[in-house]
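See structure below.
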Amino acid sequence: MKTLRKIAGRIASFAKRLDLISSSDRNDAVAISHAWESILLAIPLSLLVVVVVESFGPSFSTYADDPASLIGVPLWALFACHKLLWAPVVFQLNAALLFALKTPRRGAIPLFVPGLLMSGAVAGYCYAVLVEYETFLGYPPFIAAYILVALFVFSWTQFFFPPDFVAKRRRLLISCRVLLPFFALVGMVVSFVANDRFYPGDYPTLHFSASLLSYLFAHLFISSVLFLLHPVRMMPAGVRLAAVMLFLNVFFLAVPLCGHFQSAKITFFVDSVLGQSYLYKVKSAEKEDSSNLALVNKDPNGPERFKKRSNYPALPTGFALDKYNIILISMESVRYDWSSFGDPKGDLTPNIRKFATDGNTWFTNAFTPCAITTQTFSSLFSMTYPSLSRYVLPEKRWLGHTAPEAVTVAELLRRAGYQTFWVGHGMPMRGLSQGFSVIRRHKQALKDAMTDSEIKDWAIQAIGESKARGKPFFGFVFFEAPHYPYITHYPGMPNEAGKDKYRQEVRYSDQQFGGLINGIRKSGLWDNSIIVFMGDHGEEFKDHRGGAHNKLYREVAQVVLAIHVPGMKGQRIDGVTSTLYLFPWLLQNGPPALAGAAEKVLTEDIGPMLRETDGAVVSELLWQGNMWAALTYPDYRLLYNFSSRNIELYDAKKDRAEKHNIFKKDSTRRSLFKKRLDGYLATRETFKRFSIVHVPETELPPELAKEPTPHESHGDDKKSGGVFDGH
């Protein structure tokens, strides 16, 4: 206590020397007038702080390429700030209650209750924005954080408008009035930095709520400092407030109407934290205007076009699909550039590399149809692009559902006489169970250290049981380890950073893959089985200011793909291709029903897309508020954001990290790729089959809320003895 008193005394002495607090700091009209003016003046100054900080979001190269952004980005930042005014407005309304109570006539009225109302209202509003994303509701760390915010605002009110019991303790009052602005400044910086690092675009309500807190803390900091400095009254408070609001309204109304700054709007939305929090409140990003897009026809030459453009190799002469088993093996979140193919020195996936290069076919430029697992496999098993598949998209993108009327590859193969099984981790991929006779997955939502090892053992068991039945089979095996959250497995490998733990997970899954391949060889099925390994998507570690896999840059979109076909000469293929093409390529050489299904999708979906985009490999991300498309060519990659309408073009040879957008630098190239993008948009608009539902998870129809899996057995059921159900 003595130490605290000494600190308080020194702060008080320092404040007196700087005249930070006047002798009239009592319940008088002067003090209240100073407080009222300080809060009003904090509004434009807080806006200025936010605008200045957000204006540094875009890189200087962006400003150099688009000089209008030097003015446009700050203007858009100012315009977007109106969404952040609500927390301070709640604060202002509660402050008015304090002013009404704290008057010279009423004297020392305790301000505990109105201060509590103010702090609860402000923190409650910010928390209400956060929990619009239902998963955050009741999450203890966030509840604790917002309680701390409420306590801070409450403390601020008690020392900004001190009741008598505080005012009489002048030393405590002075110390707190000096310290509170400091803590407000720290809160502003911490909330902004945390917001900037929390997966831009991944959790919209978290972005928005943290932006509200940043602005609120800025407002408290500035108003506190102004109060301490006792601003001179240059005009009546009402006149000053009216002038400020008139100024802001002019900009709020004028900026959106100014076409010259539309490119600055895009830059601001894409590159700033404030822009993202503003942008991702949009319910649906499927807004393209189809009025200027020509209707796209089916492509009768689709199968032939696919053969020329897909870059898949020719199958052996006399190849007949029904003579072979098909085993599809996939792995979560494996980055191609960190695998043994993209980084030979690191050699993180030696078993996958050995499988691919030991007489089999492997691809150096394969891309996923989507960056989200459920959409990837819905696309893969529907043999078409995500937007052209019968995919139902709720507000939580990972709860997407392949509609019951969709016909999947597993169904087609089962009808053709194949046995079918699916072995993998516990993440539900709703709608994809149809066609699988046997499904075995973990019940637990999160993996453990042995999940992939158990998946390997179950897969070997399923393959052995399928062999015993003497019929061809289709097996889908899906390893989980490289997906977040990461678990460490090897003491000798680095494990400090998230990247290090991720690399350990990739190595661990690769080891299980090697064990599975050895099991297939020992079963005697190697020479009559088509075996495919593919990644479902990659992973980002702040490569483009984000994490996980919520965009379509190369680190997320490029995947490992290797294929073993008995009798087919192994080779390395450098042409651009997609994992989406796998099943149309195989089923074209199957029995009539399978070949007919493949030719139908090549004629109606893939063929027209290849024709209209000049052969682009198309990747898509379907998500309300964060919808993307990417067109990949041998020399260039084009990315399109449906929400911001931003177009990015990267040189695939010189800029594989995709850091330098060249779309605006060459008019000829810009015109060519804009035409190709229009071709993609027209094809998507013509044949689009996915749908968006705006209902929370709790209100989803039963067929969407829970995947029907009548023949499912779960790997964590130790009593099952490892025996499969549903034969």
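The structure displayed is predicted, hence computed values, not measured ones.
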Does this structure show an ion pair linking Asp452 with Lys456, if we count only N-O contacts that are shorter than 4.0 Å?
no
Trp585: which residues meet the ring pair (Phe, Tyr, Trp, His ring centres under 6.0 Å) condition with it, sequence neighbours left out?
Tyr312
Could I get the full list of ring pair (Phe, Tyr, Trp, His ring centres under 6.0 Å) partners for Phe341, not counting sequence neighbours?
Trp362
What pairs of residues pass the side chain to side chain donor-acceptor pair (under 3.5 Å) test when at least one of them lies in residues 653-663, not counting sequence neighbours?
Arg637-Glu658
Between atom CG of Leu649 and atom CG of Leu672, what is the distance when rounded to the nearest 0.5 Å?
9.0 Å
Face-on cation placement of Arg684 at Phe642 ring, 6.0 Å and 45° thresholds
yes
Quick one: OG on Ser387 to CG on Leu621, what's the gap to the nearest 0.5 Å?
11.5 Å
Run the side-chain donor-acceptor check on residues 321-328: report pairs under 3.5 Å with partners two or more places apart or on a different chain.
from: Asn325; atom 1: OD1; to: Phe473; atom 2: N; distance (Å): 3.1
from: Asn325; atom 1: ND2; to: Asn528; atom 2: O; distance (Å): 3.4
from: Asn325; atom 1: ND2; to: Ser529; atom 2: OG; distance (Å): 3.2

Residues in side chain to side chain donor-acceptor pair (under 3.5 Å) with Gln511, at least two apart?
Tyr490
Excluding sequence neighbours, so at least two apart, what forms ring pair (Phe, Tyr, Trp, His ring centres under 6.0 Å) with Phe478?
Phe377, His425, Phe476
Side chains of Ile647 and Lys664: does their closest heavy-atom pair fall under 4.5 Å?
no
Taking the side chain from Thr357 and the backbone from Arg353, do they hold a donor-acceptor pair closer than 3.5 Å?
yes
Heavy-atom check, side chain of Thr376 versus side chain of Ile372, under 4.5 Å
no
Least distance between heavy atoms, Ala630 atom then Leu639 atom:
CB-CG, 4.2 Å
To the nearest 0.5 Å, atom CZ of Phe474 lies from atom CZ of Phe583 at 4.0 Å
May I ask you to test the Ile531-Ile329 pair for a side-chain heavy-atom distance under 4.5 Å?
yes
Hits for side chain to side chain donor-acceptor pair (under 3.5 Å) against Ser389, two or more places apart or cross-chain, chain-then-number order -> none
Counterpart residues, salt bridge (charged side-chain N to carboxylate O under 4.0 Å, His left out), relative to Glu332 (two or more places apart):
none
Pair Phe421-Trp458, ring-ring contact (aromatic ring centres under 6.0 Å, His included): steps then yes or no:
CA-CA 11 Å; Phe421 70 83; Trp458 300 339; over 10 Å; no
Verify the distance criterion only: is there a donor paired with an acceptor across the side chains of Gln375 and Tyr385 at less than 3.5 Å?
no
Polar side chain donor-acceptor pair, Asp510 to Gln512, under 3.5 angstrom:
no
Does the side chain of Tyr553 reach to within under 4.5 Å of the side chain of Glu648, using non-hydrogen atoms?
yes
Please give me the minimum heavy-atom distance between Thr402 and Ser378, naming the atom from each residue.
OG1-OG, 2.8 Å
Results of side chain to side chain donor-acceptor pair (under 3.5 Å) for Thr349 - residues two or more places apart only:
Ser340
Apply ring-ring contact (aromatic ring centres under 6.0 Å, His included) to residues Tyr636 and Phe673 and explain how you reach the verdict.
CA-CA 9 Å; Tyr636 295 96; Phe673 282 95; 5.5 Å; yes
Quick one: does any side-chain atom of Thr577 pair with a main-chain N or O of Ala366 as donor and acceptor, under 3.5 Å?
no
Arg521: partners by side chain to side chain contact (heavy atoms under 4.5 Å, CB included), with sequence neighbours left out
Asp358, Ile517, Trp526
Do Cys370 and His537 have side-chain heavy atoms sitting under 4.5 Å apart?
no
Quick one about His549 and Glu555 (side-chain donor to acceptor, distance below 3.5 Å, no hydrogens or angles considered), yes or no?
no
Do we see a donor-acceptor contact under 3.5 Å between the side chains of Tyr391 and Ser379?
no
Looking at residues at least two apart in the chain, or sitting in another chain, which of them share a side chain to side chain contact (heavy atoms under 4.5 Å, CB included) with Asp500?
Pro494, Glu496, Ala497
Is there a donor-acceptor contact under 3.5 Å linking the side chains of Thr364 and Asp574?
yes
Looking at Gln504, Glu505, Arg503, Lys499, which one forms a side chain to side chain contact (heavy atoms under 4.5 Å, CB included) with Tyr486?
Glu505
Please list, chain by chain and in numerical order, all residues satisfying ring pair (Phe, Tyr, Trp, His ring centres under 6.0 Å) with Phe533, sequence neighbours excluded.
Phe513
Min side-chain heavy-atom separation Val532-Leu561 under 4.5 Å:
yes
Grab the two heavy atoms, one from Gly424 and one from Ile455, that are nearest each other, plus how far apart they are.
C-CD1, 3.6 Å
Measuring from Thr373:OG1 to Leu432:CG, what's the distance to the nearest 0.5 Å?
11.0 Å
Apply side-chain contact (heavy atoms from CB on, under 4.5 Å) to Met331 and His483, showing your working.
CA-CA 9 Å; Met331 192 179 293; His483 196 285; over 6 Å; no
Euclidean distance, Arg305 CZ relative to Arg611 CZ, rounded to 0.5 Å
6.0 Å
Using a strict 4.0 Å threshold on nitrogen-to-oxygen distance, state whether Asp337 and Arg554 make a salt bridge.
no
ring-ring contact (aromatic ring centres under 6.0 Å, His included) evaluation trace for Phe306 with Tyr581:
CA-CA 9 Å; Phe306 174 77; Tyr581 300 159; 5.3 Å; yes
Under 4.0 Å between a Lys/Arg side-chain N and an Asp/Glu carboxylate O for Arg669 and Asp651?
no
side-chain contact (heavy atoms from CB on, under 4.5 Å) between Glu539 and Val556, worked out
CA-CA 5 Å; Glu539 194 82 331; Val556 170; 5.9 Å; no
Go through the steps for Asp343 and Leu348 under the test side-chain contact (heavy atoms from CB on, under 4.5 Å), then give the verdict.
CA-CA 8 Å; Asp343 181 19; Leu348 197 61; over 6 Å; no
dist Glu620:CD -> Tyr680:OH (nearest 0.5 Å) comes out at 3.5 Å
Are Asp678 and Arg676 within salt-bridge range, i.e. N to O under 4.0 Å?
no
Charged tip of Arg440 within 45° of Trp422 ring normal and under 6.0 Å:
no
Considering all heavy atoms of both residues, which atom of Ala652 and which atom of Pro634 are nearest to each other, and what is their separation?
CB-O, 3.9 Å
Non-hydrogen atoms of Gly431 and Thr408 that approach each other most closely:
O-CG2, 4.4 Å
Check for a donor-acceptor pair, side chain of Arg309 on one end and backbone N or O of Asp614 on the other, with a separation under 3.5 Å.
yes
